[in-house]
Amino acid sequence: MKIGIVGSGYVGLVSAACFAEKGNDVTLMDIDKGRIAAIHESRLPIYEPGLEEIIRNSRRHLSFTSDISDVASSDIIFIAVGTPDGQNGAINTRHVMEAVDSVGKATERYANKFQVFGIKSTVPPGTTRSASELIRKYRVYDHNFAIVSNPEFLKEGSAIDDFRKPDRVIVGTESESARKLFSELYAPFMRTRERMIFMGIESAELTKLMANTMLAARIALMNEAANLAGRIGADIEEIRMGIGSDPRIGPSFLFPGPGFGGSCLPKDVSGLAEYARKAGVSLSIVDAVGRSNKTQLYWLADTAVDFLKDLRTAKTYVVWGASFKPRTDDIRHSATLYTARRLLEHTAGDVRIYDPQEKALSKMEREFSGNKKIFFYSDIYEVLNGAHALLIATDCDEFKSIDLKEVGDRLGRKVVIDSRNLYNPEFMGELGFDYISLGRPKVLANNKHW
Ligand code: NAD
């Protein structure tokens, strides 16, 4: 099949690679010429495990362009452009509509060919239908095109696996021909069992927003449970096991942390709330999830600042983890952004950041460019030298198996504030750390004698 994809971000690049891997001829288009030039030179603009290899192996089925007319003859054209934060938390669909308009114009001369336009970007209900109206302006024959809402559920860090073996593929359409075409396109991804779910267009759009909101709500609830457990001397890890063993609840997405980040969960939660408000429906739980998370994003910094408040010196803080989660370079809305900003407000000393992902670090560096108090390290131990506290923001595997004795030897003060509960509190105490984790009893080896 001939596939066009507009937008070469996490979703566009991964979709292009995985469709090409199955033998489809895929043209990936982006208005950012620099991005396309970099992809041509095999310098991928994003980091996603396994992506480089698939692109290398499927190269003969892939082409990259910044000219929209190159995707115009495709059987299916996907829109996978970004939907950044809009006003009052709404989802900004400007890029989607611009992309749809340029695709509509470019496909005008293919009016005799049946084409399907698929919206992969996460959009509020109604957007796909508006996109259809926009395309209709350019089509001579109404029956010769169809629109599909095909929201994407891949997760950064395991995007290739998610795309190759999706839990489900949601297809919102009113066209029987589009349904057949999508069944054919996704058939190679359904070899073990059928996971296509067909539904109405608005249902598909809302499914995506509700799924992310449900996940966000679980995290927010566990964060609040952790804050309570920490206050009363209970242990959130024990509670997590207790809750997660109920099959109606299940064990995943029950890990408390420093507040959810990334380009999806925060935006989708606020986008859904704002969309509902405009539709005249108040979603009070959804509003509360967003508010709860905004507070949690400062847990790491506020806990560290409070813990060291009696130490009369300019403090140096180290944060391990820059991206919003491991195995990605995406720093959008990462807890580290909030943590670093808050720490910089409070200390006359330095803030140092380490992340195993070079791209994540350089994105963070750009974010704080010009700030003379923040430093970026590519060595996990060196960053610690003489610092007053280590703050753990992500649950990278590298952090889990670190030599804690060396960590203690390098730090000026053996203080670890851990929002991911990576270490055993008892063991940390034995090693002489002051160890504050999230929702677990504090270990105060030094009893704050400074
Ligand atoms: P991104 O920000 O990484 O990339 C978007 C790309 O679109 C950029 O390269 C930009 O240059 C390009 N673009 C913008 N306007 C364009 C236009 N008019 N024509 C051509 N290209 C254009 O985005 P992303 O993270 O891949 O997300 C894309 C969409 O998918 C969003 O709606 C997002 O919410 C959704 N989504 C993202 C993920 C994820 O993990 N990143 C997962 C599921 C769904």
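Note that the coordinates shown come from a computational prediction; the quantities given were computed from them, not determined experimentally. Index from 1, following the sequence. Side chains included, hydrogens not; waters and symmetry mates left out as well; all remaining heavy atoms used. Whatever order the structure lists ligands and atoms in, that order sets their numbers, starting from 1.
Closest to atom 15 (N) of ligand 1 by heavy atom, among Val6, Asp30, Asn212, Ile31, is Ile31. Of the listed residues (Gly82, Gly34, Gly12), the one carrying the non-hydrogen atom nearest atom 5 (C) of ligand 1 is Gly82. Comparing Val81, Val14, Ile36 against atom 14 (C) of ligand 1, the shortest heavy-atom distance belongs to Val81. Between Glu48, Glu156, Arg332, it is Glu156 that holds the heavy atom closest to atom 39 (C) of ligand 1.
The single protein non-hydrogen atom nearest to atom 31 (C) of ligand 1 is Thr83 OG1, 3.3 Å, given as residue, atom name and distance. Ranking the protein heavy atoms by distance from atom 27 (O) of ligand 1 puts Val11 CG2, 4.1 Å first. Summary of contacts: the protein heavy atom closest to atom 24 (P) of ligand 1 is Tyr10 N, 3.9 Å. Nearest protein neighbour of atom 35 (C) of ligand 1, counting heavy atoms only, is Thr122 OG1, 3.4 Å. At the shortest separation from atom 42 (C) of ligand 1 among protein heavy atoms lies Leu154 O, 3.4 Å.
One finds a salt bridge joining Arg277 and Glu274 here, because a Lys/Arg side-chain nitrogen approaches an Asp/Glu carboxylate oxygen to under 4.0 Å. Salt-bridge formation is detected for the pair Asp101/Lys105: a Lys NZ or Arg NE/NH1/NH2 atom is positioned less than 4.0 Å from an Asp or Glu carboxylate oxygen. Using a 4.0 Å cut-off between a side-chain N of Lys or Arg and a carboxylate O of Asp or Glu, Glu48 and Arg327 do not qualify as a salt bridge.
The side chain of Arg35, and not its backbone, has at least one atom closer than 4.0 Å to an atom of ligand 1 (non-hydrogen atoms only; side chain from C-beta on). By the criterion of a heavy-atom distance under 4.0 Å, neither the backbone nor the side chain of Ser102 is placed next to ligand 1. Of all the heavy atoms of Ala99, the ones lying under 4.0 Å from any atom of ligand 1 are found in both the backbone and the side chain.
Where the criterion is an N or O separation shorter than 3.5 Å, residue side chain and backbone included, Asp32 fails it with respect to ligand 1. Note: no N/O pair closer than 3.5 Å links Asp330 and ligand 1 by distance alone. Residue Lys267 has at least one N or O atom closer than 3.5 Å to an N or O atom of ligand 1. By the 3.5 Å distance cut-off applied to N or O atoms, Lys155 is not counted among the residues near ligand 1. For a threshold of 3.5 Å applied to N or O pairs, the pair formed by Glu98 and ligand 1 contains no separation below that value.
A distance-only check finds no donor-acceptor pair linking the side chain of Asp330 to the backbone of Phe324 [under 3.5 Å].
Classified by interplanar angle (parallel below 30°, tilted 30° to 60°, perpendicular above 60°), the ring pair Tyr354/Trp320 is perpendicular. Ring-plane geometry between Tyr298 and Tyr338 is classed as perpendicular, the angle between the planes exceeding 60 degrees on a 0 to 90 degree scale with a lower cut at 30.
For Lys400 against Asp395, the heavy-atom pair with the smallest separation is CE-O, 3.4 Å. Considering every non-hydrogen atom in both Thr336 and Ala393, the closest pair reads OG1-CB, 3.4 Å. Nearest heavy-atom pair, Gly259 versus Gln296, reported as atom, atom and distance to 0.1 Å: N-CG, 3.5 Å.
In summary, the atoms of ligand 1 found under 4.0 Å from a heavy atom of Ser121, numbered by their order in the structure, are 29 (C), 30 (O), 32 (O). Proximity to Gly9 (heavy-atom distance under 4.0 Å) selects the following atoms of ligand 1: 1 (P), 3 (O), 4 (O), 6 (C), 26 (O). Of all atoms in ligand 1, listed by their number and element, those nearer than 4.0 Å to a heavy atom of Ser263 are 41 (N). Distances below 4.0 Å separate heavy atoms of Ala80 from the following atoms of ligand 1: 28 (C). Here is the list of ligand 1 atoms found below 4.0 Å of a heavy atom in Glu152: 43 (C), 44 (C). Against a heavy-atom cut-off of under 4.0 Å, Cys264 is close to the following atoms of ligand 1: 36 (N), 37 (C), 38 (C), 39 (C), 42 (C).
In this structure, Arg136 fails the cation-pi test against Phe145, since its NZ or CZ atom is not both closer than 6.0 Å to the six-membered ring centre and inside 45 degrees of the ring normal. Both the sub-6.0 Å distance and the 45° axial angle are satisfied by Arg240 relative to the ring of Phe255.
Checked against the 6.0 Å centroid criterion, the rings of Phe198 and Phe182 do not qualify as a close aromatic pair.
Lys180 meets the side chain to side chain contact (heavy atoms under 4.5 Å, CB included) test with Glu176; sequence neighbours excluded.
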